[in-house]
Protein chains: 2
Amino acid sequence: MAYRETEKMRIRKAEARQRIVSCAYQCVAKSGFHSARVTTIAAMAGVATGTIYRHFESKEDLFAEIFRLATQREVDKVAEALSTQGDATVRLEAALRQFAERALRGPVMAWSLIAEPVDPKVEEERLAYRQAYAELFEKAISEGIEEGCIPDQDARQSSTCLVGAIAESLVGPLSPAQTNSRAEPRNDNYEPLVNSILRFCMQGLTGTRR
Amino acid sequence: MAYRETEKMRIRKAEARQRIVSCAYQCVAKSGFHSARVTTIAAMAGVATGTIYRHFESKEDLFAEIFRLATQREVDKVAEALSTQGDATVRLEAALRQFAERALRGPVMAWSLIAEPVDPKVEEERLAYRQAYAELFEKAISEGIEEGCIPDQDARQSSTCLVGAIAESLVGPLSPAQTNSRAEPRNDNYEPLVNSILRFCMQGLTGTRR
DNA sequence: TCAAATAGTGAATCATTATTCATTTCTTGT
DNA sequence: ACAAGAAATGAATAATGATTCACTATTTGA
């Protein structure tokens, strides 16, 4: 004699939640966390503003989830590249290339993940994200040191330098100002830029001229 | 038969302006542009809120000036280090050390200058700032290439990697979260960190193991 | 001391957004 | 078809902070 949550409703709610997440993701990918508005996301997802708050405690919570999601994708790709065949330098180079190319293809999101200032809860996710990268690269560098293809060094510190060198190389030329004033289809040739960055990174790592 | 701006007044106004600039600078150095409030700055400077607007068109304009000021200091120091004796690698290393050490001593301001998102007018200043660095380092690298102590490469791109590697190395460990939870007197020993970063950078540049 | 002109003031205004909550609409089992 | 819940709504609220502007105070030269 009353309403009882049924499978159908569970699914419908899950779909709404998914739609909200997806639209929030798009908003962030388009112009960063700072300019993503709750009302805009709601409109995009075809729900009322208040509905967002039935699925998430707050904007921060929603954004933390978006961040986690975006992050996971990137980290997975890098981990994948790192787990292929070859010695550590080869695998590291492949991973760095993956990292750089993906960031170049989605510069706004890349910037948001790397450098945009965010609320505490989101910043917490970022810490985990940096950690994840640092650990992945650090592990590969350490393996390289053991293998002997990379000279002894502070693996964690070098890992940080790698991320920094790449990030700066992307954040600069692909900052909003640069990105906006560009033709629609993003089919630039990234090869030279990426190669140039990678040479610097690999030399920094190995101390050997490429 | 009327008020006419006199030397005395000119000086007094200049002093007030100077006080505003100085307090704004302190606020930004303490917690970044984003959390620097016009009202706080006014209170600190001992003037009314409205007075700020007799000296500056807007908050953006004030901040642009602060940015320019802070930037000039840094660029000058680096330029100074680059203009000493020695071959290009020696001079570059000295300049990078200067850059890193100064940033480590003022991590919040360094972060604001390098990575904090800011309003358009301030962002414009940042462009000039990046440009100034890029040009300084690029020039030194090009000289090194001519001298023969640095192998041929895209000098501008390498310059970007240098800035990125250093910046990331600092932004991470010295982000607000890290910085806040530290004992008062900032007399840490930066040597190992800086040396580690510099090795990576110089190797990236020269492709030669240090 | 006076009048003209400028400088300084800070409470009020305006703009922007996240969040709430009273109300409406939908679901469910009988 | 009904009543009990649950979900959805979105206009109203609240909080924040830059900016304004009507007013007061100060300075100046006569």
Side-chain angles (χ1 to χ4, degrees), chain A residues 1-21 23-24 27-28 30-67 116-122, chain B residues 1-21 23-24 27-28 30-67 116-122:
Chain A
M1 42 72 201
Y3 177 94
R4 210 38 69 81
E5 184 179 75
T6 183
E7 188 60 15
K8 179 182 151 205
M9 278 313 275
R10 225 186 327 277
I11 289 172
R12 187 192 292 183
K13 277 202 284 177
E15 280 171 353
R17 189 183 202 279
Q18 178 50 44
R19 219 161 48 244
I20 291 168
V21 166
C23 293
C27 285
V28 173
K30 191 175 201 182
S31 19
F33 287 100
H34 182 68
S35 38
R37 310 263 166 262
V38 174
T39 49
T40 308
I41 294 167
M44 251 176 105
V47 299
T49 321
T51 304
I52 301 263
Y53 290 87
R54 312 198 114 262
H55 294 277
F56 299 91
E57 279 279 312
S58 67
K59 191 181 116 157
E60 262 193 283
D61 281 277
L62 168 58
F63 282 5
E65 175 147 340
I66 301 306
F67 196 102
E116 184 178 4
V118 291
D119 291 319
K121 275 188 185 165
V122 181
Chain B
M1 40 73 208
Y3 177 94
R4 206 43 66 83
E5 183 179 75
T6 184
E7 189 59 16
K8 176 180 153 208
M9 277 312 273
R10 224 187 327 276
I11 289 173
R12 185 192 294 184
K13 276 202 285 176
E15 280 171 353
R17 190 182 201 280
Q18 178 49 44
R19 216 160 52 243
I20 291 168
V21 165
C23 293
C27 284
V28 173
K30 190 174 203 185
S31 21
F33 287 100
H34 182 68
S35 40
R37 309 265 166 260
V38 174
T39 48
T40 307
I41 294 167
M44 253 177 102
V47 299
T49 320
T51 304
I52 301 261
Y53 289 86
R54 311 198 119 265
H55 293 276
F56 299 91
E57 278 279 311
S58 67
K59 190 181 118 157
E60 263 193 282
D61 281 277
L62 168 57
F63 282 5
E65 176 147 340
I66 301 305
F67 196 101
E116 183 178 5
V118 292
D119 291 320
K121 275 188 184 164
V122 181

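Per chain, numbering begins at 1; letters A, B, ... match sequence-line order.
A straight line from CD1 of A/Ile11 to C1' of C/dT27 spans 15 Å, rounded to a whole angstrom. Atom pair B/Arg10:CZ and C/dT6:P shows a separation of 14 Å (rounding to whole Å applied).
With hydrogens and angles disregarded, a donor-acceptor distance shorter than 3.5 Å links the side chain of B/Ser58 to the backbone of B/Asp61. A distance-only check finds no donor-acceptor pair linking the side chain of B/Thr51 to the backbone of B/Val47 [under 3.5 Å].
A/Asp119 is not listed as a side-chain neighbour of A/Phe33, based on a closest heavy-atom distance of 4.5 Å or more. Side chains of A/Pro117 and B/His34 form no contact here, defined as non-hydrogen atoms less than 4.5 Å apart.
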All N/O contacts under 3.5 Å from nucleotides 25-27 of chain D to the protein, with atom names and distances to one decimal?
from, atom 1, to, atom 2, distance (Å)
D/dT27, OP1, B/Arg12, NH1, 2.9
D/dT27, OP1, B/Arg12, NH2, 2.4

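Shortest non-hydrogen contact noted between B/Lys59 and B/Ala36 is NZ-O, 3.7 Å.
Salt-bridge formation is not detected for the pair B/Arg12/B/Glu15: no Lys NZ or Arg NE/NH1/NH2 atom is positioned less than 4.0 Å from an Asp or Glu carboxylate oxygen. Note on B/Arg17 versus B/Glu65: salt bridge recorded, some NZ/NE/NH1/NH2 to OD/OE distance being below 4.0 Å.
Comparing the axis of the opening five pairs of the helix from C/dT1-D/dA30 to C/dT30-D/dA1 with that of the closing five pairs yields an angle of 0°, rounded to 10°.
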Inset, instruction - Encode nucleotides 10-22 of chain D as B, S and - characters from 5' to 3', where the letter depends on protein heavy atoms closer than 4.0 Å: B to the base, S only to sugar-phosphate, - to neither. - result: B------SSBB--
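The CD atom of B/Glu60 sits 13.0 Å away from the CZ atom of B/Phe67 when rounded to the nearest 0.5 Å.
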